[in-house]
Amino acid sequence: MQEKYLPTDIERAAQAHWNSTKAFRAVADAKRPKYYCLSMFPYPSGKLHMGHVRNYTIGDVLSRHHRMKGYNVLQPMGWDAFGLPAENAAMQNQVPPAKWTWDNIAYMKQQLQSLGFALDWERELATCAPEYYKWNQWLFLRMLEKGIAYKKTQVVNWDPVDQTVLANEQVIEGRGWRTGALVEKREIPGYYLAITHYADELLAALDTLPGWPERVKTMQANWIGKSTGLRFAFPYELDGKAEKLWVFTTRADTIMGVSFCAVAAEHPLATHAAQSNPQLAAFIDECKHGSVMEADLATMEKKGLPTGIFVDHPLTGAKVEVWVGNYVLMSYGDGAVMGVPAHDERDFAFARKYGIAIEQVIAVEGQSFALDAWQEWYADKQRGRCVNSGRYDGLGYEAAVDAIAADLAAKGLGEKKVQFRLRDWGVSRQRYWGCPIPIVHCEECGSVSVPDEQLPVVLPEDCVPDGSGNPLNKRADFLDCACPKCGKPARRETDTMDTFVDSSWYYARYCVDPATRAANTAMVDASSNHWMPADQYIGGIEHAILHLLYSRFWTKVMRDLGLVNYDEPFANLLTQGMVLNHIFSRRNDKGGIEYFAPEEVDLRRDEDGHVVGATCKADGQPVDYGGVGTMSKSKRNGVDPQALIETYGADTARFFMMFASPPEQTLEWSDSGVEGAYRFLKRVWAFGFAIQSQAAAAMPATLAAGPAALRREIHLLLKQANYDLGKLQFNTVASAAMKMLNALEKAHKESADASQAPVLAEGFSILLRVLSPIAPHLCHTLWTELGYGAEILAAPWPEPLETALVQDEQELVLQVNGKHRGNIRVKVGADRTAIEAAALASEAAQKFMEGKPAKKVVVVPGRLVNIVV
RNA sequence: GCCCGGGUGGUGAAAUUGGUAGACACAAGGGACUUAAAAUCCCUCGGCCGCAAGGUCAUGCGGGUUCGAUUCCCGCUCCGGGCACCA
């Protein structure tokens, strides 16, 4: 056995061993419980980043732990290979996105392999491969047949200079990122998937997911946004015709306080009024500028203009003026809202700004209504009662809503309605590097589906986009085709699918039997029913809503098409925190922002060690410290894992990632700490080397006090480690391993007594197994070298022994008036009275009770005694 | 702006989730070994008072519940994630 820890050598050898034994190939087996451990697949951006290392190490720790616990583990990997960055890289380097993507995949695959993850590479997939995206197209056509996919207009960011559609990310402060031109909203046709058909099920089924974090379920529930309210109409007459302006509200109890209505700029009523009102037309035009992002809409100044059109209040008949408001969304409800300034914050601000009447219709007893000071209760559903509301006066929220709903229903002007915030999923993208939408446009037959037997519609792989729109529009060999219906010359659809489509079902594709995959005769087969749902899904918290919701939707569609027999794709979800690093920047001469990598700056600290500033190492000038943020190329604060692996080895990288913070929390990067992880692994190796001759010592029937105490300590730490593994809290599992080594080293150093050899041998075998999911190469090698067995992968997971844990006395905390004043020792299993007596008799208690009698004694068995005087 | 998280020593964090706040590490300082360095090992390490024993304050800020609060409740503040075309 080597005396020195040589990570490069042992990691290469261990990986070669696992390869040659096909150790991680997953084969369905009815006799063993399955464990499908799924990590979010990476976008092949070029090289692995720390977020990937963190994500996949978590998955690998879970996989290896479950394998040793007897599960049949499937842990696959693949590539989310379509997307915008490939087009950007293509523009920059004149390389087709396909080549760039496949090259990146090859490099990143080798990086993943060097980290020693227990992956079944035979199931690898890439979403940009025609054999994969064929099934996106196939399922899209099934959705079209069922009416789940449909066509309507969508609003996009339009760059008027490049004549192209921009992603939200490409809009910076309202301007196109390349041209700097003011972005406009533009309506174009596109395909939508009716996720709203499943809104109720997607919401209700959150309750069937106890293995999901509460916060993710809350976010999804809020996103779906089910609200029960009233959809009602304001009647009006226009050009002699009777019309209705429909609105939706969850606060029907405030209807009597309506003093205006507001419609979206795209609302027909706005369009109509603008025909005879140039000022209004200009305002509507202004509303069309700016991005389509909700965050922008919500933070911009609320503006409006009256239309001069009046509608009738449906209950009082009073005239109510209609305004156009830039904050009203056409895509939500009917694109119109009622305005009740007294009981809605936004309406209040709007009314104040434009001098619209504010009429109180809700009162809370004991509270007075004043325009500056009723925000605490103005919308209180619990305590509020109707006032100034005619026959509804005195009614509470629910009674008022019921009465008003009934009255409006009787007039045919309204009914209770369940409304969702969730909108249908627009999947058309005017981009090249994505899955082609399998539609052909024929002058005679219109939009025609590509027949199944002609799938996949293959994307040409040699285009290089230039930023001025989709290059497919210039590819005659792609565009020109025969109409599948009439056979006449036709034109292929050039829009491609949202990349969220690709990632909405890849988890099921991994499960497909390799033979089915090879023949590619089906999207999924019965194997997906065996492995699915994934027992553990691991990925960044940034996917809490969109990706996870789309995947749940897609699964339900596949279920309803009879393709799979499960309702939900992911039984347990772990949302890892982001990996953050410090951000340093400086405004340059041109007014742009220049970023500096952390290694390019020196930090200035105050006496307490707090960061107070930073300077650039190169020029000594100050730079702005921007706090911490997710590692990204654009902010230049990423750390390359490759250097880490090359210097210290994969086990150190993995150990540090697990030790640095619990998986769900954000992880602030620090170079220090990596050294510490490396030091620990070296000590593990050195200890193995030191006790190699004792590793076979057999445990005697009884132990002397010293070795028994050491054994108890190890088994206690094991108990804690197992508990923490159950909580997915791997940082304390790593620290338990460190504590075990500290205890073993100390005993080994302090006593040469041969009688403790069996405890050292057993303790180290426990340590190696507990550590092996985190640092598998090291533990695999030591396990074999010390002769514990052939294969640590096949070793059973250790469980603490009750016989090793017993003790006769225990220590309790002694408190007087809730303050820690000392400790007492009592027999294990001592009853309350005995503990109380021992506590009262103790010196510390006597001192701090100051002669006063005990009013109350709180005894928490096994923990503490609190004497209240 | 809206929704969801988080804030504990110089730093990352722990506290079996209402019961000894700071385990385990990192950094720093001191020492041993060495011709020297690296590596390794040992000691100190939240603030204040004290020679010490010990006391006292302290888990972002302000309140509350409790014998007892990092943990539960209310308000604020700062940081992170998401907001539907980044993935």
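Reckoned from all heavy atoms, side chains included, excluding hydrogens, waters and symmetry mates. Lettering follows sequence order; numbering is per chain, from 1. This is a predicted model, so every value here is computed, not measured.
- As judged by a 4.0 angstrom heavy-atom cut-off over every strand, Leu864(A) is placed among the base-contacting residues.
- Relative ring orientation between Phe687(A) and His748(A) is described as perpendicular, the plane-to-plane angle rising above 60° on a 0-90° scale split at 30° and 60°.
- For Tyr550(A) and Trp425(A), the ring centers are positioned less than 6.0 Å apart.
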Can you pull every protein N or O that's under 3.5 Å from an N or O on nucleotides 15-17 of chain B?
| unit_1 | atom_1 | unit_2 | atom_2 | d |
| --- | --- | --- | --- | --- |
| A15(B) | OP1 | Gln729(A) | NE2 | 3.0 |
| U16(B) | O2' | Tyr723(A) | OH | 3.2 |

Can I get a per-line list of side-chain donor-acceptor pairs under 3.5 Å for residues 675-686 of chain A, giving both atom names and the distance, sequence neighbours left out?
| unit_1 | atom_1 | unit_2 | atom_2 | d |
| --- | --- | --- | --- | --- |
| Glu675(A) | OE2 | Tyr648(A) | OH | 2.9 |
| Arg683(A) | NE | Glu745(A) | OE1 | 3.3 |
| Arg683(A) | NE | Glu745(A) | OE2 | 3.2 |
| Arg683(A) | NH2 | Asn742(A) | OD1 | 2.7 |
| Arg683(A) | NH2 | Glu745(A) | OE1 | 2.8 |
| Trp685(A) | NE1 | Gln2(A) | O | 3.0 |
| Trp685(A) | NE1 | Glu3(A) | O | 3.3 |
| Trp685(A) | NE1 | Lys4(A) | O | 3.4 |

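- A heavy-atom distance below 4.5 Å is not found between the side chains of Arg429(A) and Asp495(A).
- Looking at heavy-atom distances under 4.0 Å, His543(A) makes contact with a base.
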Scan nucleotides 31-34 of chain B against the protein and return all N/O pairs shorter than 3.5 Å with their distances rounded to 0.1 Å.
none

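- A sub-4.0 Å separation between OP1 or OP2 of G12(B) and a side-chain N or O of Asn731(A) is absent.
- Here the side chain of Arg712(A) pairs a donor or acceptor atom with the backbone of Leu805(A) at under 3.5 angstrom.
- Val156(A) comes within 4.0 angstrom of a base, heavy atoms only.
- The side chain of Phe848(A) approaches G55(B) more closely than any other nucleotide in the set G82(B), U20(B), G55(B).
- Side-chain contact between Ser504(A) and Phe553(A): absent, with no pair of heavy atoms (C-beta onward) separated by less than 4.5 Å.
- Phosphate contact (OP1/OP2 of U56(B), side-chain N/O of Arg821(A), threshold under 4.0 Å): present.
- The CD-P distance, from Glu542(A) to A87(B), rounds to 13 Å in whole Å.
- Side-chain N/O atoms of Thr575(A) and Glu664(A) include a donor and acceptor closer than 3.5 Å.
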Notebook entry, point to check: Dot-bracket for RNA chain B, 5' to 3', with Watson-Crick and G-U pairs under 3.5 Å, [ ] for crossing pairs and | for other-strand pairs: what is it?
Noted result: (((((((..(((......[....))).(((((.......))))).((((....))))..(((((..]....))))))))))))....
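- Using a 4.0 Å heavy-atom cutoff across all strands shown, Ser428(A) reaches at least one base atom of the nucleic acid.
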Within the sub-3.5 Å range, which N or O atoms of nucleotides 1-6 of chain B have a protein N or O partner, and how far apart are they?
| unit_1 | atom_1 | unit_2 | atom_2 | d |
| --- | --- | --- | --- | --- |
| C3(B) | O3' | Asn222(A) | ND2 | 2.8 |
| C3(B) | O2' | Asn222(A) | ND2 | 2.8 |
| G5(B) | O2' | Arg215(A) | NH1 | 3.3 |

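- Taking atom C1' on both nucleotides, A58(B) is separated from G22(B) by 11 Å, rounded to a whole Å.
- Listed by chain and residue number, nothing satisfies the side chain to side chain donor-acceptor pair (under 3.5 Å) test with Ser735(A) (two or more places apart in sequence, or in another chain).
- Nucleotide G46(B) is shown with an anti base, its glycosidic torsion being more than 90° from 0.
- The NE2-P distance, from His547(A) to C83(B), rounds to 14 Å in whole Å.
- A salt bridge (Lys or Arg N to Asp or Glu O under 4.0 Å) check over residues 654-663 of chain A, counting only residues at least two apart or in different chains, returns the pairs Asp60(A)-Arg654(A).
- Looking at heavy-atom distances under 4.0 Å, Pro42(A) makes no contact with the nucleic acid at all.
- Here side chain to side chain donor-acceptor pair (under 3.5 Å) pairs that include residues 165-174 of chain A, with residues two or more places apart or in two chains, are Asn157(A)-Asn168(A).
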Next item on the list: Between protein and nucleotides 66-71 of chain B, map the contacts as a letter string: B base, S sugar-phosphate only, - none, heavy atoms under 4.0 Å, written 5' to 3'.
Entry: -B----
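- Atom-to-atom, CZ of Phe680(A) to P of A39(B) comes out at 19 Å; the value is rounded to the nearest Å.
- Within the structure, salt bridge (Lys or Arg N to Asp or Glu O under 4.0 Å) pairs that include any residue of residues 543-552 of chain A comprise Arg552(A)-Glu568(A) (at least two apart or interchain).
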Short N/O separations, protein against nucleotides 40-48 of chain B, under 3.5 angstrom:
| unit_1 | atom_1 | unit_2 | atom_2 | d |
| --- | --- | --- | --- | --- |
| U40(B) | OP1 | Lys682(A) | NZ | 3.4 |

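- Across C57(B), U20(B), G19(B), the shortest atom-to-atom separation from the side chain of Lys819(A) is found for C57(B).
- Within 4.0 Å (heavy atoms only), Leu422(A) reaches at least one base atom of the nucleic acid.
- The stretch residues 858-869 of chain A participates, sequence neighbours left out, in no salt bridge (Lys or Arg N to Asp or Glu O under 4.0 Å) pair at all.
- Using a 4.0 Å heavy-atom criterion, one finds that Val674(A) contacts no nucleic acid atom at all.
- Residues Pro800(A) and Leu716(A) fail the side-chain proximity criterion, which asks for heavy atoms closer than 4.5 Å.
- When heavy atoms are screened at a 4.0 angstrom cut-off, Phe500(A) is found touching base atoms of the nucleic acid.
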